[in-house]
Structures are given as C-alpha cells and as structure tokens.
Amino acid sequence: MMPRPRSVATAVAGLAMLTACASKPDARAPADPGQAAYAANCLACHQADGGGVPGFQPPLVGGVWVRSDPQALATFVLTGGFDSGSRKQSANENVMPPFTQLDDATLAALLTYVRARFGDNAGPVTPEQVAAARAVLPARP
C-alpha cells in the first residue's frame, strides 16, 4: 500500500514541531551545573551512586575527603589525589588524573554537588576556595 501524500500544511506543522523540540534543552541533561560536571568528569569511575567500582576507583560516599575542608578537597581533586599514582596499592587501582583543566566555577559546582550528594550534605565549595587551592599547587613540569 502506498502512503498517502501529506499536505503542505501538515508538513510545515510537523517541521515546526521538530524545530521547537530541537531548540528545547535536553530533558535528560541535569539542570544542576555541578551534577552536569560530575556526569562529564567523574561518573564513569565513581558511578551515579558515588559507590565507585571495586578494584578500580574508590567510593565517594562517606569519604573523609568529601566531607573535609572544601579547599583541601579542591586541592585533592586538582592534583589527582595528591599524585595517587605513587600511592597505588595494587595493579588494579585506577589513578585519578589532575582536574586542573576545569575552571574555578565549574570545579566549585562539581565539588558542591559531590559534597551535597555523597558527603552527608556538607557545605558548598566556592570558586574562591578552588582558586586558593589552585594558587598553591606546585608548578608542573
């Protein structure tokens, strides 16, 4: 059976609906910029529930670093866990990279999300705290 030809008005209405849908933000995208940054940078290793992956990456839930001083947490993340590569306990552990590529506001939002979600509602991290942590990082070769 051959499909019925559509009218120009029907085609235009369909095109208008597709255009309207395409211009709206993705409903699956997180509204929280910290959650979006977590999804883009941390989710693969630390998982949506913060539980990590055994033998690969540690959990964030209940972690001391997550609940500790916000500037210390920022330093920890900016340095890749204070050079976690030199502190590996087994060949199966993943090494966290330093996240110096994230700007202060993005990293602050990410860490605020992590602390609220996985750190017993620990307080927010400010861009100023991240900037202060970044300012004292050792020079990288």
Side-chain angles (χ1 to χ4, degrees), residues 2-141:
M2 300 261 318
R4 276 188 359 193
R6 296 185 183 204
S7 70
V8 172
T10 302
V12 169
L15 184 59
M17 289 174 62
L18 287 173
T19 303
C21 289
S23 66
K24 291 182 182 176
D26 185 350
R28 296 169 296 170
D32 177 347
Q35 183 180 7
Y38 180 84
N41 295 283
C42 311
L43 182 66
C45 294
H46 294 292
Q47 303 298 295
D49 65 358
V53 178
F56 182 66
Q57 200 64 326
L60 297 176
V61 175
V64 174
W65 284 107
V66 174
R67 296 186 316 258
S68 72
D69 175 62
Q71 188 171 326
L73 176 61
T75 301
F76 188 82
V77 173
L78 286 166
T79 60
F82 299 130
D83 184 27
S84 62
S86 68
R87 296 182 293 105
K88 286 176 59 169
Q89 295 177 3
S90 77
N92 296 325
E93 290 179 349
N94 186 33
V95 176
M96 184 171 85
F99 282 91
T100 54
Q101 79 279 9
L102 299 178
D103 64 65
D104 296 344
T106 301
L107 186 54
L110 185 157
L111 296 177
T112 295
Y113 170 78
V114 165
R115 287 167 56 86
R117 177 98 159 88
F118 309 122
D120 300 325
N121 286 313
V125 179
T126 67
E128 293 77 19
Q129 289 168 317
V130 174
R134 192 183 305 271
V136 297
L137 291 179
R140 295 197 72 105

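Counting from 1, the numbers follow the sequence of the chain as shown.
- Residues P127 and A108 approach most closely at N-CB, 3.5 Å, considering heavy atoms.
- Between the side chain of R67 and the backbone N or O of A122, no donor-acceptor pair lies under 3.5 Å.
- Side-chain atoms of R134 do not come within 3.5 Å of backbone N or O of A74 as any donor-acceptor pair.
- Put simply, CG on L111 and CG on L78 are 8.0 Å apart, with the number rounded to the nearest 0.5 Å.
- Within the 3.5 Å criterion, the main-chain N or O of P58 finds a donor-acceptor partner in the side chain of H46.
- Residues Q47 and V61 are not in side-chain contact: their nearest non-hydrogen atoms beyond the backbone lie 4.5 Å or more apart.
- Taking both residues in full, the closest heavy atoms of C45 and F56 are given as SG-CE2, 3.6 Å, listed atom of the first, atom of the second, then distance.
- In this structure, CG on L107 lies 10.0 Å from OG1 on T100, to the nearest 0.5 angstrom.
- Here the shortest heavy-atom pairing between Q71 and A133 reads O-CB, 3.7 Å.
- Side-chain contact check for V130 versus V125: some heavy-atom pair is nearer than 4.5 Å.
- The distance from the CG atom of L110 to the CG atom of N41 is 6.0 Å, given to the nearest 0.5 Å.
- Between L60 atom CG and Y38 atom OH the span is 5.0 Å, to the nearest 0.5 Å.
- The distance from the CD atom of Q129 to the CG atom of D104 is 11.0 Å, given to the nearest 0.5 Å.
- Annotation for W65 and L73: closest pair O-CD1, 3.4 Å, computed over non-hydrogen atoms.
- Taking all atoms of both residues into account, the shortest heavy-atom contact from P33 to A109 is C-CB, 4.3 Å.
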